[in-house]
2 protein chains.
Amino acid sequence: MTRGVASVVLSASAASPNVIPYCDLAPHCVSCSVREMCLPVGLDGPALGRLDNVVAGRRRIRKKGSLYRPGEPFACLYAIRVGTFKTLTLAEDGREQVTGFYMGGEILGADGIEENRYSCEATALEDSEVCVLPFSLLDELAHEVPSLRRNLYKCLARDACQGQKMMLLLGSMCAEERLAVFLLDLAHRYRARGFSMNEFILRMTREEIASYLGLKLETVSRLFSRLQGEGLLQVQGRAIKLLDFSALKRLAGSSG
Amino acid sequence: MTRGVASVVLSASAASPNVIPYCDLAPHCVSCSVREMCLPVGLDGPALGRLDNVVAGRRRIRKKGSLYRPGEPFACLYAIRVGTFKTLTLAEDGREQVTGFYMGGEILGADGIEENRYSCEATALEDSEVCVLPFSLLDELAHEVPSLRRNLYKCLARDACQGQKMMLLLGSMCAEERLAVFLLDLAHRYRARGFSMNEFILRMTREEIASYLGLKLETVSRLFSRLQGEGLLQVQGRAIKLLDFSALKRLAGSSG
DNA sequence: CGACTAGTTGAGGCCAGTCAATGTTGGTGG
DNA sequence: CCACCAACATTGACTGGCCTCAACTAGTCG
């Protein structure tokens, strides 16, 4: 197996020559920075090695590029190594809705399992990289490794639960509450990945946030201004600093 | 093993002594009326038999009774034999949202997989009966029977996809469109079960419909009246007759 | 520099929510 | 069987939150 040059300049704008200490050519779960929140969670050494063999390689997706599109035959799940994606569901009349934002360690592609075709579009919000997991191989390995099987179930179940939470949000929360929930969710996910939960850079546009939250971009923009005025946070374009978590949690109906 | 004749009289109010021709003690997939849309789809004879052994029994739930509640430890999935359920997600501030309606052959309980506790409440809308499927046994059998494993994946993935569809609905459709989508979805599910798709009885209240669609019950009521006025359907309390499918589909953004 | 994309802010309108009164249905007990 | 009550449903009048439309600013890239 040829090992490619890996680490890759992925930061969106950095044109500067990045120094890459080691060529980590083939992806190895054991050395992956997001393994703690990815499929391999809880797997023992041998199982990890076998999972490595399942990984058919990596794919790099440039900003705005799509990982898969609705209707394409389903074959693989994708584990995000680096970067951020959104998933987009399309109505037949052209309307579209952002159904999720995904970051390192999260699994994309499960929407393809039901119909054997992907049902939504997964698009990179920044230059990103994923591990390609052929589902048939994954299933085979899951056949033998109970803990992987369990992780796979959980991964699918998580998508469903997330959907339910979003239904609650979209069905019964006002705009301000929705934004608070969204920001707290992001904060927690950044924290889980070792980043600051108070301060982060949004990877998505106002319009994408709005779509995800069932709002219009102007509303989102106004809300950011309002929350800033109330001292709950600071906004500067896509740079967010959360200042008053308890107030945000109160807004979010304690669901953050 | 005794074989039961499945026809159990479960009708809600019948206080009359129900005649149950045979005590059908153990449920058998092979003779179940909803097996075509349940977990056993596509399983061969031997596998079906083994699935029967997984079924730990049945549970009857009276109208308004709950099958499981949020926080209860997860142990089983439930396959609906007879009846209808709703699932309810609760926010910490008390707000609640109907996240789904489930009918014969559909699987409940997958929301428990992620956290090992059920995350929502499943409540019977009418006297109902489910097969109890201990997840550990199901998983063990799935370990050996690839087609069951596949069905299990699909079942979980379906929940997730359904969630995405609902996000699209809640995030970007107006009230009238939502109701149209809802009615067409019900129609298709009734048809798949061998019932009329034009004419059926709603098992849920206006308030439950409204919650599910992210609306208020008054709005739903008004919409029924309006659509009736426009000749798209006939309503009489919970009895629905759909008159103009193409118009409804147009309303639903062809997504029905 | 112009063209473009992303974001902010304001004014006004509309859809669905709120509040409230009334009608209908179904289960219960006399 | 009927009377009663509670739950469910319908309809109207009014309100308000978010959308629409539009103008303007800031940053980016060829």
Side-chain angles (χ1 to χ4, degrees), chain A residues 11-15 62-64 86 95 97-98 123 125-127 169-180 182 201-230 233-240 251, chain B residues 11-16 62-65 86 95 97-98 123 125-127 169-183 201-230 233-240 251:
Chain A
S11 41
S13 48
R62 311 209 130 270
K63 185 172 178 173
K64 296 195 180 180
K86 67 173 173 182
R95 267 180 298 198
Q97 164 97 13
V98 173
T123 305
L125 298 180
E126 57 187 323
D127 290 3
L169 179 142
L170 294 167
S172 67
M173 293 182 150
C174 72
E176 200 174 39
E177 295 170 326
R178 296 184 198 188
L179 188 61
F182 170 71
I201 304 289
L202 297 173
R203 295 291 139 87
M204 60 294 280
T205 67
R206 299 287 188 265
E207 185 163 22
E208 286 160 341
I209 298 173
S211 170
Y212 181 60
L213 298 178
L215 303 169
K216 292 291 155 181
L217 84 181
E218 296 96 326
T219 305
V220 170
S221 184
R222 271 186 252 275
L223 285 171
F224 272 127
S225 302
R226 183 154 107 218
L227 294 179
Q228 178 165 243
E230 291 166 356
L233 51 76
Q234 246 175 269
V235 211
Q236 169 81 265
R238 301 207 183 171
I240 300 287
L251 259 187
Chain B
S11 42
S13 49
S16 59
R62 311 210 129 270
K63 186 173 176 172
K64 296 193 180 181
K86 67 174 174 183
R95 267 181 297 199
Q97 164 97 12
V98 173
T123 304
L125 298 181
E126 57 187 323
D127 290 5
L169 180 143
L170 294 168
S172 68
M173 293 182 149
C174 73
E176 200 175 38
E177 295 169 326
R178 296 184 198 187
L179 188 61
V181 171
F182 171 70
L183 290 173
I201 304 289
L202 297 173
R203 296 290 140 87
M204 61 294 279
T205 67
R206 298 287 188 265
E207 185 162 22
E208 286 159 341
I209 298 173
S211 170
Y212 180 61
L213 298 178
L215 303 169
K216 291 292 155 179
L217 84 180
E218 294 96 327
T219 304
V220 170
S221 185
R222 271 186 252 275
L223 285 172
F224 271 127
S225 302
R226 183 154 109 217
L227 293 180
Q228 177 163 243
E230 293 167 353
L233 51 77
Q234 246 175 270
V235 210
Q236 168 81 266
R238 300 205 183 172
I240 300 286
L251 259 186

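To find a chain, count down the sequence lines: A is the first, B the second, and so on, and within it residues start at 1. The model shown is predicted, which means the values in this text are computed figures rather than measured ones.
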Discussion item. Please tell me if B:R206 has a side-chain N or O lying less than 4.0 Å from either OP1 or OP2 of D:dT10.
Written reply: yes
Worksheet entry | Nucleotide D:dA7, atom C1' - distance to CD of B:E208 in whole Å | 12 Å
Item to complete: Determine: side-chain N/O of A:T219 to OP1/OP2 of D:dC19, distance under 4.0 Å, yes or no.
Response: yes
Fill in: Given D:dA9, D:dC18, C:dG7, the nucleotide with the shortest approach to the side chain of A:A175
D:dC18
Worksheet item: Taking OP1 and OP2 of C:dA16, is either one under 4.0 Å from a side-chain nitrogen or oxygen of B:R178?
Response: no
Response to the item:
Against the side chain of B:S221, the closest entry in D:dA9, D:dC18, C:dA16 is D:dA9
Worksheet item: Which heavy atom of B:F224 sits nearest a heavy atom of B:R206, and at what distance?
Response: CD1-NE, 3.5 Å
Discussion item. Nearest 0.5 angstrom please: A:T123 OG1 to A:K86 NZ, how far?
Written reply: 5.5 Å
Item to complete: Spell out, as yes or no, whether a donor-acceptor pair under 3.5 Å connects the side chain of B:R203 to the backbone of B:E126.
Response: no
Worksheet item: What integer distance in Å separates B:K216:NZ from C:dA20:P?
Response: 16 Å
Worksheet item: Between the base of C:dG10 and the side chain of A:R222, is there any donor-acceptor pair under 3.5 Å?
Response: yes
Discussion item. In this structure, how many angstroms lie between the P atom of D:dA7 and the CG atom of B:L202, rounded?
Written reply: 21 Å
Worksheet item: Starting at CE of A:M173 and ending at C1' of C:dG17, how long is that distance when rounded to a whole Å?
Response: 18 Å
Practice prompt. Establish whether the base of C:dC19 is bridged to the side chain of B:E218 by a donor-acceptor pair shorter than 3.5 Å.
Written response: yes
Worksheet item: What closest approach, in Å, do A:L213 and A:F182 show between heavy atoms, and which atom pair accounts for it?
Response: CD2-CB, 3.9 Å
Fill in: Protein-nucleotide distance (B:L215, atom CG; C:dA16, atom P), rounded to Å
7 Å
Practice prompt. For A:Q228 and C:dT8, give me the distance from atom CD to atom P, rounded to whole Å.
Written response: 9 Å
Worksheet entry | A:L170 CG - D:dC18 P separation (whole Å) | 13 Å
Worksheet item: Whole-Å distance between C:dA6 P and A:I201 CD1?
Response: 17 Å
Worksheet item: Which atoms form the tightest heavy-atom contact between B:T205 and B:R238, and what is the distance?
Response: CG2-NH2, 3.1 Å
